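Treat the numbers as computed from the prediction; the structure is a model and nothing was measured. Naming convention: chains lettered A, B, ... in sequence-line order (proteins, then strands); numbering from 1 in each chain.
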Protein chains: 2
Amino acid sequence: MAKIKDVAAAAGVSPSTVSRVLCNGPVSDKVRKRVEDAMRKLDYRPNMAARRLRSQHTDTIGLIVSDIRNPFFTAVSRAVEDEAYRNGMRVILCNTDENPDKEAMYLRLMQEERVTGVIFAPTRQTVASLDPAALGFPVVMIDRASRDVITDAVVLDNRRAAAALVDHLLAQGYRDIAGVFGNTSSTGTERHAGFAEAMQQAGLPAPAQFVAPSVEAAEQAVLAMLAAAQRPRALVVSNGVLMLGAVRALKSAGLQWPQDVALAGFDNDVWTELLGDGLTVIEQPVGEIGRAAMAMLLERLDDAERSPRIVVLQGKLLARGSSAAVC
Amino acid sequence: MAKIKDVAAAAGVSPSTVSRVLCNGPVSDKVRKRVEDAMRKLDYRPNMAARRLRSQHTDTIGLIVSDIRNPFFTAVSRAVEDEAYRNGMRVILCNTDENPDKEAMYLRLMQEERVTGVIFAPTRQTVASLDPAALGFPVVMIDRASRDVITDAVVLDNRRAAAALVDHLLAQGYRDIAGVFGNTSSTGTERHAGFAEAMQQAGLPAPAQFVAPSVEAAEQAVLAMLAAAQRPRALVVSNGVLMLGAVRALKSAGLQWPQDVALAGFDNDVWTELLGDGLTVIEQPVGEIGRAAMAMLLERLDDAERSPRIVVLQGKLLARGSSAAVC
DNA sequence: ACAAAAAGTGGGATCGATTTCAATTGATAG
DNA sequence: CTATCAATTGAAATCGATCCCACTTTTTGT
């Protein structure tokens, strides 16, 4: 494979000059053309490892999420990658399965890669123990954020969104409402807070379950809730993955929604509108979240000193059949 | 940030020796421990760019798919990444949107990265024009493959699977069966072939539509088919994305399945089992596809000379309500 | 106990680019 | 026509590791 020296020789210039046309340095048009021709002729491909080593910037960002199969993260990832490539950067994607050990390992990996920055959806545990300053690269958190702001972050207004679901259910006439929340992320905590607050404001108890963030865990939990002495009349579910579990539980218990149990949750996954008359959900602006995260990262790279900020985006309530008022 | 020289100095050894403990070279236990302590003390992180440049292997693979948001590719990606990280390799993910220009651009990028290998789901157009030998790295195709084998590949037995769907529908008593297929990938072509063959064997006409691989395109096409003078009694749909379009079309046309139109397709996406009594689909072994692709790549790296092979995996027919016999 | 083989270690070249600095060329002004 | 300055270009150092080779130390066999 041709290297820069070969191109230089073929074009009758020095390697420095070739490098300059590569980096858009000052080169006369005549020479530039000659060099570009030589590159084409030799089918030259600059060696990224060499460039990165010498130039000390990798133009690579890390994207660390729990599981790319979660449609929320799938959509965010796609947006992040589009933005990244548009800005000439590469993306390294990591799945942590909400496992703090994997998170630590991938953060370490990011250091070895000397990434320009990282977009990260951390577990609560990691967020509590993380020292972003020691990492050596800026971090933008997504979906989840630390209580006391230390890094940039892009999150949904989770409390408000959860409260909106509750208010909607109340308006539809439901009273016995229970909640199911993920137990590993701050998102679950926040949504629970919004749920509890809204219920309290209505003078109602706010029974809630915290479960592992998997379909199976949610299914089990919801099955148990449905089998309880007095089953809730409506369910608020903290995210799309758990919602899938809830739907499975209802189906296997032979229950209908909203007739037997109303449903409302998060994430406008493609299938939610197809089920019966649709599931009522808070739609998250997934594309915008990814783009905003990438934009914040770029701004941070421009100005390392500016104080960390949190972008809070609003969800959109899509009221559908699963929370319809029962006659 | 500490470099290898600093570690060497701190441990009182030469850089060569530090490198040896990094690469599991021959080092006495005593010295190894001293070096590891120094690494810890200095919080040393090897510079990947430097290692890659010097060692001439990047331990990086490219994964080029049309869209990570397609659940099929999401699942395959996850499997590929798990395997890759298990083998100490990194993954660069690229979305091409079935666009040959983007495919070419990403392949070029892979060359610049000097990737160890690439796992690639190409469009028909690219597969036809691709010269794998000129790329400089091995390619394993997934989901799609060239007619005349030039590279390793992992694919589904598409003809058989499509035929299985047809046979199933026939067995359920359906006769007027139409097909909807993607027009950019060999997968669509193959599945159509299986569909047409099976229909022909039954002495039936095999009306088929080829559409762009998007939900919207499928929705439009199916709407048109449903509005036609004599609408088909059953639909075979070539993949999960198109199936979503078909379902939307049926819904918006106010038609029920299987009462008005039976449905059968590909990809056991989570939601397919939740819709009514479930959608009949061919389940692809998505995890296995990813793992097999990664395994083939590793084997190829071991032995560049062995002749290319294609791994053909079988799909599994999940007969559900959408293709039930109507009384 | 001694020769031969193996294991461990260090020195210095090297991977392929960018960057710094100095040199050259060309343009402009006086 | 020459002095000045800006625009191009080249030479050589450098990024941070690995690898080859030579040298020293230890182990093994007899």
Side-chain angles (χ1 to χ4, degrees), chain A residues 1-36 38-39 42-60 88 90 108-116 136-137, chain B residues 1-36 38-39 42-60 88 90 108-116 136-137:
Chain A
M1 173 141 293
K3 12 197 199 183
I4 205 168
K5 224 163 51 171
D6 305 322
V7 176
V13 298
S14 75
S16 321
T17 300
V18 178
S19 172
R20 283 190 191 95
V21 342
L22 236 36
C23 306
N24 289 313
V27 186
S28 70
D29 291 349
K30 197 175 56 203
V31 172
R32 157 164 285 122
K33 179 159 179 344
R34 223 158 8 110
V35 171
E36 283 171 346
M39 285 179 171
L42 298 179
D43 202 30
Y44 170 70
R45 297 281 181 283
N47 182 318
M48 283 300 177
R51 315 183 73 155
R52 292 206 252 259
L53 173 59
R54 178 62 242 233
S55 71
Q56 300 287 67
H57 49 77
T58 57
D59 290 344
T60 299
R90 239 110 293 165
R108 194 188 170 101
L109 205 105
M110 296 300 105
Q111 297 185 299
E112 300 185 347
E113 295 284 352
R114 303 290 191 272
V115 293
T116 304
F137 47 73
Chain B
M1 171 138 297
K3 14 196 198 183
I4 204 167
K5 224 163 48 169
D6 305 322
V7 175
V13 299
S14 76
S16 318
T17 299
V18 178
S19 173
R20 282 189 194 97
V21 344
L22 237 37
C23 307
N24 289 315
V27 186
S28 71
D29 290 349
K30 197 175 53 201
V31 172
R32 158 164 286 124
K33 178 158 182 345
R34 233 174 340 128
V35 171
E36 283 170 347
M39 285 178 172
L42 299 179
D43 202 31
Y44 171 70
R45 296 282 182 281
N47 183 318
M48 284 301 177
R51 317 183 72 154
R52 292 205 250 261
L53 172 59
R54 178 62 244 230
S55 71
Q56 300 286 69
H57 49 77
T58 57
D59 289 344
T60 298
R90 239 109 293 167
R108 194 187 169 101
L109 205 104
M110 297 299 107
Q111 297 184 300
E112 299 185 346
E113 294 285 352
R114 304 290 193 272
V115 293
T116 305
F137 48 73

Between atom [atom1] in [X] and atom [atom2] in [N], what is the gap in whole Å?
{"X": "B:M48", "N": "C:dA17", "atom1": "CE", "atom2": "P", "result": "21 Å"}
{"X": "A:N24", "N": "C:dA17", "atom1": "CG", "atom2": "P", "result": "17 Å"}
{"X": "B:D59", "N": "D:dT18", "atom1": "CG", "atom2": "P", "result": "12 Å"}
{"X": "A:D29", "N": "C:dG26", "atom1": "CG", "atom2": "P", "result": "15 Å"}
{"X": "A:N47", "N": "D:dA17", "atom1": "CG", "atom2": "C1'", "result": "14 Å"}
{"X": "B:D6", "N": "D:dC15", "atom1": "CG", "atom2": "P", "result": "12 Å"}

Closest nucleotide among [options] to the [X] side chain:
{"X": "B:C23", "options": "C:dT9, D:dT18, D:dG10", "answer": "D:dT18"}
{"X": "A:R54", "options": "C:dT18, C:dG11, C:dA13", "answer": "C:dT18"}
{"X": "A:I4", "options": "C:dA17, C:dT9, D:dG16", "answer": "C:dA17"}
{"X": "A:S14", "options": "C:dG10, D:dT18, D:dG10", "answer": "D:dG10"}
{"X": "A:L53", "options": "C:dC15, D:dC15, D:dA17", "answer": "D:dC15"}
{"X": "B:T17", "options": "D:dC15, C:dT9, C:dA17", "answer": "C:dT9"}

Using a 4.0 Å heavy-atom cut-off, does [X] contact any base of the nucleic acid, only the sugar-phosphate backbone, or nothing at all?
{"X": "A:S16", "result": "base"}
{"X": "A:R20", "result": "base"}
{"X": "B:V18", "result": "nothing"}
{"X": "B:V13", "result": "sugar-phosphate"}

Which sits closer to the 5' end of DNA chain C, A:A49 or B:S28, going by the nucleotide each is nearest to? B:S28
Would you mind telling me which residue lines up with the more 5' stretch of DNA chain C, B:R32 or A:S19, judged by nearest nucleotide? B:R32
When you check the phosphate oxygens OP1 and OP2 of D:dG16, does a side-chain N or O of A:Q56 lie under 4.0 Å from one of them? yes
Under 4.0 Å between a side-chain nitrogen and a carboxylate oxygen: does that hold for B:E113 and A:R52? yes
